[in-house]
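Comments concern the structure below.
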Amino acid sequence: MANPMADEMRRFKGSDEKNPFEAMSERFDRAARILGLEDDFYKVLRVPSRELKVYIPVKMDSGHLEVFEGYRVQHNFARGPAKGGIRYAPDVTLDEVKALSAWMTWKCAVVNVPFGGAKGGIVCNPIQMSQGELERLTRRYTAELIDFIGPDKDVPAPDMNTNEQTMAWIMDTYSMHARHTVNAVVTGKPVALGGSLGRREATGRGVLFTVNEAIKRFKLTPEKTSVVVQGSGNVGGIGAELMYEKGYKVIAISDIGSGIYNANGLNIPEVLSYLKANKTLEGYAEADHVGNQELLEIECDVLAPCATENQITSENADRIKCKILAEGANGPTTPKADKILHDKGVFVIPDILANAGGVTVSYFEWVQDRMGYFWREDEVNQRLEEKMVASFNELCRFSELHDVDTRTAAYMLAIDRVAYDTRMRGIYA
Ligand code: GLU
């Protein structure tokens, strides 16, 4: 399935500032150096434990076979089973999946859930594929990985362009091979199949909880806080809606194509139903239309990039005009941009904390599956809030104690935890 645009994006993603694995490594190196991490453990933690690449033959609806490239990178198991989503996208690269797998390790450690990190990806264009094709692709990918995943080994979850249905197919395929139902093999499942209430909203809700804490540092209340959100999917859309409900003034939001802006605040539920009905924000009447890049430069209290990597770079960082950057996406800011934002005094809620609500409720789902006992939604949300607030405060204390920015503090905190466990376990020879 030739796609010149996707090829171009894949090439672009591989270049210096925008290579996500290099961005992850640069932050890791800095944090490890300040932490005084021993050379031996530095070498172990800097690289993934395992990188799997599979070629997935799929019978297309037209009758011909197509072969897709898929990855699963398992970065670390020191603290428990590897954990992380699977994304389907035409421009996904192995370097990106490697970075995302490491970010999962650090993310789980920052919120202190007993998981390591992993990530998967399949190079495909899900928008052009039928449900049947997606199902066959997902099932065959699962079969290729069958020896490497499992409730005690590696537990996948949704990510970009995958959802509850994808997880149900993975769970079923794995269960058919095991000859019994194993619902704890994935999280983010439909609630009726062992999913957790509140999981779908968890990443957006986690963003809200960290923003609630961050605005206190600026003596702001939700009503006095203007918010710009990039993205209107599972993270951005739900995050914006929850912030709107809490009283925040959400002044701009975008989807994959473009954005809308109204300085007086947008009615987010209305915007989201417009988007659902029209598949685009274009034509929405109560707002001005802005481009996705322009949107990032709107003056606001909170900017929440909730779409994809490399949105804030050395090219636009000096035009960002927010007090708080809440990174709902994984890797939306490059290391070069970090420096610029730091000099401008922007308070960053780093991705590995801001978007950790998803994996936190994934942990709750895994626990519930293994107990066979399910919690009420308010219990899930309350436990999530406790985790996010405690982790936010721990991170701020760590940052003040070591006199480092919040991103460096997040990496330090995470590396310290993973290194401790690796040291205690020792290296098996
Ligand atoms: N894909 C989500 C993330 O990037 C969730 C991962 C999970 O729940 O395992 O954090």
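Not measured: the values here are computed from a predicted model. Counting starts at 1 for both ligands and their atoms, in listed order.
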- prompt: Do Asp301 side-chain atoms and Ser226 backbone N/O form a donor-acceptor pair below 3.5 Å?
  reply: yes
- request: Would you mind checking which non-hydrogen protein atom is closest to atom 1 (N) of ligand 1, with the distance to 0.1 Å?
  value: Asp159 OD1, 2.7 Å
- prompt: Any non-hydrogen atom of Pro158 lying under 4.0 Å from ligand 1?
  reply: yes
- prompt: Do the non-hydrogen side-chain atoms of Val348 and Asp405 ever get within less than 4.5 Å of each other?
  reply: no
query: So, Thr225 versus Lys323: side-chain donor-acceptor pair below 3.5 Å or not?
result: no
Protein heavy-atom partner closest to atom 7 (C) of ligand 1 - residue, atom, separation in Å: Ala157 CB, 3.3 Å
Any donor-acceptor N/O pair, Tyr141 side chain to Tyr71 backbone, under 3.5 Å: yes
- line: Here the pair of heavy atoms bringing Arg425 nearest to Ala78 is NH1-O, 3.0 Å
- prompt: Hey, is the main chain of Ala354 close enough, under 3.5 Å, to the side chain of Asp351 for a donor-acceptor pair?
  reply: no
- prompt: Relative to ligand 1, is Asn330 under 4.0 angstrom through side chain, backbone, both or neither, heavy atoms considered?
  reply: side chain
query: Honestly, is Arg423 close enough over Phe41, meaning NZ or CZ under 6.0 Å from the six-membered ring centre and within 45° of the axis?
result: yes
message: Using heavy-atom distances only, which candidate in Arg199, Arg87, Lys107, Glu365 approaches atom 10 (O) of ligand 1 most closely?
response: Lys107
message: Checking a contact table here: which protein heavy atom is nearest atom 9 (O) of ligand 1, and how many Å away?
response: Lys83 NZ, 2.8 Å
statement: So the atoms of ligand 1 within less than 4.0 Å of a heavy atom of Met104 turn out to be 3 (C), 4 (O), 6 (C), 10 (O)
task: Taking Asn393 for its side chain and Val389 for its backbone only, find out whether a donor-acceptor pair lies under 3.5 Å.
output: yes
message: With heavy-atom distances below 4.0 Å as the criterion, list the atoms of ligand 1 near Gly84.
response: 9 (O)
- request: Could you pull out, from Ser362, Gly188, Gly117, Cys108, the option with a heavy atom nearest to atom 8 (O) of ligand 1?
  value: Ser362
- prompt: Mind checking whether Asn355 has an N or O less than 3.5 Å away from an N or O of ligand 1?
  reply: no
statement: closest protein heavy atom to atom 4 (O) of ligand 1 is Lys119 NZ, 3.0 Å
